[in-house]
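Given the structure is predicted, the values throughout are model-derived calculations rather than measurements.
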Amino acid sequence: MRLVTYRTAGADADRVGVVIGDHVADITAAAPTMNALIQGGSKALDEARRAAETGARLALAEVQLLAPIPRPLKNVFCLGLNYRAHVAEGASAGVRASSDAPEYPVWFTKPPTAVCGPYDDIRIEPAVSTQYDWEVELAVVIGKAGRHITRDQAYSHVHSYTVFNDFSVRDIQRRHGPPPQWFKGKSWDKGSPMGPWLVTADELGSPEKLRISCRVNGETKQDSNTEMMIFDIPAQIADLSEVLTLEPGDIISTGTPSGVGFARTPPEFLKAGDVLESDIERLGVLRNRIVA
Ligand code: ZN
């Protein structure tokens, strides 16, 4: 199933739906919020499937899609430096000493307030920074709690997948340290789009070979494949759950491929009027206009 959180015109209540063709079937009566649906496990998914058969249907084009999880329950877990070519471009651009792949996964987080909808405008503030940058990433939503999750068990803890952009403010990300401190530069209010929907694990199948790309004003900037990850999804889940309990609704953003703005020659950054598209095969496309 493809699961959405949406609003209808003139209403400010969030509703939950299942996308069927170019329509949304309302399942709010069965699943009041996306987090409740995720926490309900496979039983709730079965109920959602049934509710979608009878729920009122609206044209997808007539509703406003929000981030599928509009307010994550905790910070989004993000993996840095998880594609070799992205590690290498950072070294070429002089922001890190080595182009070697990291020996252990490099984690940081971004707060729930950083998330925005799949088609929302992203508001930049030129007085704060002029270095707003893109990072298309595959995001994994946890469905079943676990600690010390093994590689073999990892996929059984995944609820769904979605497209995420780890929007980054480079000068703020880098002006501290050493040691570096990425958190603030990764935490821009409503800068990181998510969606357009959650694609359930049973519907997607394997996430291990999906084309992942990013465009600015229609021009391709990033174009890679999730098979190029240094630490694959089972490795990420095993590594993080070594120290913390992963819970239903937790989001892991799995790192970005090469082609980001800061590493280009000359460097490129987002400015007002640009249209940012984040695209993963079989998951969907985020389309966000940058406004000042
Ligand atoms: Zn990232």
Mark yes or no for whether D189, through its side chain, and A114, through its backbone, hold a donor-acceptor pair below 3.5 Å. no
Same hydrophobic cluster for I122 and L66, using side-chain heavy-atom links shorter than 4.5 Å among ILVMFWY? no
Can you tell me how far apart CD1 (I233) and CG (N82) are? Round to the nearest 0.5 Å. 9.5 Å
Going by atom types alone, do Q222 and T256 pair a side-chain donor with an acceptor below 3.5 Å? yes
Does the side chain of I212 come within less than 4.5 Å of P257's, by heavy atoms? yes
Hey, can you tell me if Y132 and W188 have their rings parallel, tilted or perpendicular (30° and 60° cut-offs)? perpendicular
Residue pair P207 / T226: nearest heavy atoms and the distance that separates them: O-OG1, 2.8 Å
Over all atoms of both residues, closest heavy-atom pair of I149 and A154: CG2-CA, 3.8 Å
Establish, from distance only, whether the side-chain atoms of S129 and D171 form a donor-acceptor pair under 3.5 Å. yes
side-chain hydrogen bond (donor to acceptor under 3.5 Å, both in side chains) pairs, two or more places apart, involving residues 106-117: N75-T109, W107-D239, K110-D166, K110-S192
Is there side-chain contact between R7 and V63, with at least one heavy-atom pair below 4.5 Å? no
How long is the straight-line distance from CD of Q153 back to OG of S241, given to the nearest 0.5 Å? 8.5 Å
Taking atom types as modelled, is there a side-chain donor on D152 or T150 under 3.5 Å from an acceptor on the other? no
Give me each pair satisfying side-chain hydrogen bond (donor to acceptor under 3.5 Å, both in side chains) with a member in residues 155-164, each pair once, sequence neighbours excluded. Y155-E208
Output the distance between atom OG (S278) and atom CG (L286), rounded to the nearest 0.5 Å. 4.5 Å
Decide yes or no for E135 and K186: does some side-chain heavy atom of the first lie under 4.5 Å from some side-chain heavy atom of the second? yes
Does anything in residues 176-185 pair up under side-chain hydrogen bond (donor to acceptor under 3.5 Å, both in side chains), and if so which pairs, sequence neighbours excluded? H176-Q181
Atom CZ in F262, atom CH2 in W134: separation rounded to 0.5 Å? 11.0 Å
Derivation of the side-chain contact (heavy atoms from CB on, under 4.5 Å) call for L198 and R2: CA-CA 6 Å; L198 302 184; R2 286 184 293 161; over 6 Å; no
Decide side-chain contact (heavy atoms from CB on, under 4.5 Å) for R170 and R174; before the verdict, give the C-alpha distance in whole Å, the side-chain angles of both, and the deciding distance to 0.1 Å. CA-CA 6 Å; R170 296 304 181 191; R174 301 235 175 75; 4.0 Å; yes
Gap between atom CG of D22 and atom CG of L60 - 0.5 Å precision: 7.0 Å
With no hydrogens and no angle check, is any side-chain donor or acceptor of N225 less than 3.5 Å from a backbone partner on M228? no
Run I251 and V140 through side-chain contact (heavy atoms from CB on, under 4.5 Å) and show every step you take. CA-CA 6 Å; I251 303 162; V140 177; over 6 Å; no
Compute whether any side-chain donor of one residue and acceptor of the other, for E137 and S253, lie under 3.5 angstrom apart. yes
Please check this pair: side chain of R151 against backbone of A238, looking for a donor-acceptor N/O pair closer than 3.5 Å. no
Does a donor on one side chain and an acceptor on the other come within less than 3.5 Å for D14 and T5? no
Has W197 got a side-chain atom pairing as donor or acceptor with M1's backbone, closer than 3.5 angstrom? no
Less than 4.5 Å apart, any side-chain heavy atom of F77 and any of D250? yes
Decide whether D26 and T28 meet the rule of one side-chain donor and one side-chain acceptor closer than 3.5 Å. yes
